[in-house]
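Worksheet: the structure to be examined is printed underneath.
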Amino acid sequence: MNASIPLSDLVSTASPPLNWESGTSRIPFAVYNDPALHARELQRFFYEQHWCYVGLEAEIPNPGDYKRTEIGERSVILVRALDGAIHVVENACAHRGVAFCRARSGNAQAFVCPYHQWNYALDGRLRGVPMRHGVKRDGVAQGGMPVDFNLADHGLTRLKVATRGGVVFASFDHDIEPFEDFLGPDILRYFDRLFDGRRLTILGYNRQRIPGNWKLMQENIKDPYHPGLLHTWFVTFGLWRADNESRLVMDRHHRHAAMISTRGNAGKVSEVSQVSSFKQTMRLHDPRFLDIVPEPWWNGPTAVMTTLFPSVILQQQVNSVSTRQIVPDDHGHFDFVWTHFGFEDDTPEMTERRLRQANLFGPAGFVSADDGEVIEFSQQTFEAKRGHRTVAELGGRDVGNTDHMVTETLIRGMYRYWRAVIER
Amino acid sequence: MSALGFDDWYALTQLYADYASAVDSGDWDLWPEFFTDDCVYRLQPRENFERGLPLATLRFESKGMLKDRVYGIRETLFHDPYYQRHIVGTPVIRKLDGDRIHAEANYAVIRTKLSALSTVFNAGRTLDEIVRTPAGFKFASRLVIYDSEMIPNSIIYPI
Ligand code: FES
Ligand SMILES: [Fe+2]
């Protein structure tokens, strides 16, 4: 079940030890540019010991509904079986490996591989193979599978599945800790705030391919230093202020984090942002972009960005809510898949509002398009200037929760965890 | 209208050609002027469109929103500068409905970043509703439905 790569295979291609100058406040470029380290990350973060995001239950509401997605670089299928149970199976035929599921989503009674018609139940069990008992000629069976061929030994790889609040996570590693323990109580609280049991409605998808290492997107959402500086749209229209009431919270491993902020009104924005180009007088031609209506479930915070390591970011930015899935493809690229959703009790006006505020986010978003751009430019340097390192020392060199945003502690925390797992 | 006369057909093809020329010109202020005040503009993945999912990559409901986008492009959206070049097919008229023309056209956009090769950036079709105004034909609705499964990093300029 657990298809782990023997350590010897990794060691044979291992790179020289990384040069961490001090703790994790200076991150070697090699963590972003080394194919051997990337292979190790896939194994240890995506294929072992980590629950990875695969989708929302609302994407597969009916028996037989399925959705194809990825964990790390492996193709998997999220499917609701005919009895209603949710399964995740690898999209790889047990016979000759064909990634047989080509549609992105659909409804099926069974999975049939086109190559030799092996037939699988939706939970991955192999139901039958053609010519198993050979083909009769003149009363004699010719060929066929060996007599000891056992269907039960040749199912699809089945993943362990966890669902909570309508969100589905899966793991190739069946020895993994429970999902709730994986998140830890402090992060689980923010997970449950967003996914509080209400049925979700799918609004749609955005997909972008970003030419940068996958960890840079985790770091981007663990970095409250940049929004008021890079995203001048945020500042111009008063959505982001560095002095907003805010907190940064990590799990005990420092791998996950929640960035929690509440919009305030005190002081002149320009004093806080220190952005000289700031235009206090700028007004939107159409203010509906910022038609923000507080919702009861917020319980205060206007924005909570939760990074679940390694595979997903959960977004609440005022009325816009989405999951952002990270799908690595080699060390220098990843696909970023946005699923915007709403809740079953949304009024039509609230749905419109969520769709309208989605203009701020995504691959063309007023405050998201620029994140992809800077990630690309970082990666360009990581590829070219080997042996150098970044500096992530805002707020000091150590790791800990804070009640302000003026720190890169979440990035240092993530690399503390990274070192514990990758350098062991 | 029961059939489009030559003058209207000429004006319509000019509208499509002008639009392409404008959005490739770098003078972003030209773009909102192709639309009516209460226009609909959507840049939407084909996936969402065909599955009836309402989310769009950009979803604007007025000329004012287009002007706000122009402000964002020019003043707030940090991005790698690029040239874009629209290749737009001849519009096909789907329906004439009073003074409203329903038409669609295929398009491809080629992106050229500085010091880089030209690549196909985005491809799809536009589903359009064009109305006659005192200032000539304008788009009352333009749905830009793109086939491209992956946006190469980001889309900044108008398509
Ligand atoms: S490869 Fe799938 S049935 Fe042969
Ligand atoms: Fe950002």
Side-chain angles (χ1 to χ4, degrees), chain A residues 104-105 201-212 229-237 277 279 282-289 322 333 335-342 351-352 354-377 380, chain B residues 29 32 37-82 113 115-116 119 121-122 144-159:
Chain A
R104 186 153 42 208
S105 62
T201 52
I202 306 298
L203 298 181
Y205 305 95
N206 268 316
R207 298 170 194 273
Q208 62 189 131
R209 160 154 290 216
I210 299 179
L229 301 166
L230 174 66
H231 305 308
T232 41
W233 200 93
F234 253 154
V235 182
T236 304
F237 299 110
S277 63
K279 293 179 176 59
M282 185 58 206
R283 289 285 171 271
L284 285 166
H285 288 95
D286 192 328
R288 286 179 293 175
F289 282 128
S322 74
H333 295 85
D335 292 344
F336 203 36
V337 181
W338 304 63
T339 306
H340 283 257
F341 59 90
T351 301
E352 275 302 309
R354 297 197 201 287
L355 292 168
R356 201 178 284 133
Q357 289 179 24
N359 281 303
L360 276 59
F361 309 101
F366 281 111
V367 293
S368 288
D370 23 24
D371 286 320
E373 296 285 296
V374 292
I375 285 174
E376 178 172 353
F377 305 159
Q380 285 174 356
Chain B
D29 286 326
D37 287 344
D38 55 355
C39 65
V40 169
Y41 172 90
R42 271 179 218 163
L43 173 67
Q44 189 179 42
R46 178 172 177 163
E47 172 185 20
N48 292 352
F49 179 76
E50 290 188 345
R51 292 173 69 178
L53 297 170
L55 184 79
T57 306
L58 290 174
R59 187 178 205 276
F60 299 147
E61 303 153 273
S62 67
K63 190 170 173 178
M65 284 191 174
L66 301 186
K67 289 181 174 173
D68 288 332
R69 179 67 181 181
V70 168
Y71 177 81
I73 293 169
R74 192 182 289 123
E75 301 291 338
T76 74
L77 265 169
F78 175 77
H79 63 278
D80 207 7
Y82 61 93
K113 285 193 168 195
S115 316
T119 57
F121 179 49
N122 190 271
V144 183
I145 310 298
Y146 58 90
D147 297 341
S148 310
E149 282 282 303
M150 285 292 163
I151 290 172
N153 205 344
S154 56
I155 291 180
I156 308 293
Y157 305 146
I159 291 183

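Treat the numbers as computed from the prediction; the structure is a model and nothing was measured. Any value given below was found using the heavy atoms of this structure, including those in side chains, with hydrogens, waters and symmetry copies removed. All chains are named by letter (A, B, ...) in the order of the sequence lines, taking the proteins before the strands, and each is independently numbered beginning at 1.
The side-chain heavy atoms of A:W233 and B:F78, taken from C-beta on, include no pair separated by under 4.5 Å. Put simply, the side chain of B:R69 does not reach to within 4.5 Å of the side chain of A:H285, judged on heavy atoms. When side chains are defined from C-beta on, B:M150 counts as touching A:D335, because their heavy atoms get closer than 4.5 Å. Contact annotation: the side chain of B:N48 approaches that of A:Y205 to within less than 4.5 Å [non-hydrogen atoms, C-beta and beyond].
Your options are B:L55, B:L77, B:I155, B:I73, and the one with the most heavy-atom pairs under 4.5 Å with chain A is B:L55. Across A:G362, A:S105, A:A358, A:G212, the residue that shares the most heavy-atom pairs under 4.5 angstrom with chain B is A:S105. The choice from A:T201, A:V367, A:I210 that makes the most heavy-atom pairs within less than 4.5 Å of chain B is A:I210. Among B:H79, B:E149, B:M65, the residue with the largest count of heavy-atom pairs under 4.5 Å with chain A is B:M65. The most heavy-atom pairs under 4.5 Å with chain A, out of B:S62, B:G72, B:A56, B:P54, come from B:P54. Looking only at heavy-atom pairs under 4.5 Å with chain A, the residue among B:L43, B:L58, B:L66 that has the most is B:L58. Ranked by heavy-atom pairs under 4.5 Å with chain B, the first of A:H340, A:Q208, A:R354 is A:Q208.
Listed by chain and residue number, B:R74 satisfy the salt bridge (charged side-chain N to carboxylate O under 4.0 Å, His left out) test with B:D29 (two or more places apart in sequence, or in another chain). Remark: A:P211 engages A:H333, A:E376, B:N153 in a side-chain contact (heavy atoms from CB on, under 4.5 Å) (not counting sequence neighbours).
At a 4.5 Å heavy-atom cutoff, the contact between B:P152 and chain A is made by backbone atoms alone. Looking at A:F234, there are no atoms closer than 4.5 Å to chain B (heavy atoms on both sides), in backbone or side chain. When heavy atoms are compared at a cutoff of 4.5 Å, A:V337 does not approach chain B at all. Only the side chain of B:I156 comes within less than 4.5 Å of a heavy atom in chain A; its backbone stays farther off. At a 4.5 Å heavy-atom cutoff, the contact between B:Y146 and chain A is made by side-chain atoms alone. Contacts of B:Q44 with chain A are absent, with no heavy-atom separation under 4.5 Å from either backbone or side chain.
The distance from the CD atom of B:E47 to the CZ atom of A:R207 is 4.0 Å, given to the nearest 0.5 Å. Separation of atoms CZ (B:R59) and CZ (A:F289) is listed at 11.5 Å; rounding is to 0.5 Å. With rounding to the nearest 0.5 angstrom, the CG atom of A:N359 is 9.5 Å from the OG1 atom of B:T57.
No donor-acceptor pair under 3.5 Å is formed between the side chain of A:D286 and the backbone N or O of B:D68.
By the 30° and 60° cut-offs, the orientation of the rings of A:F237 relative to B:Y71 is perpendicular.
Sparse packing is recorded around CZ of B:R46, with 12 or fewer heavy atoms of other residues, nucleotides or ligands lying under 6.0 Å away.
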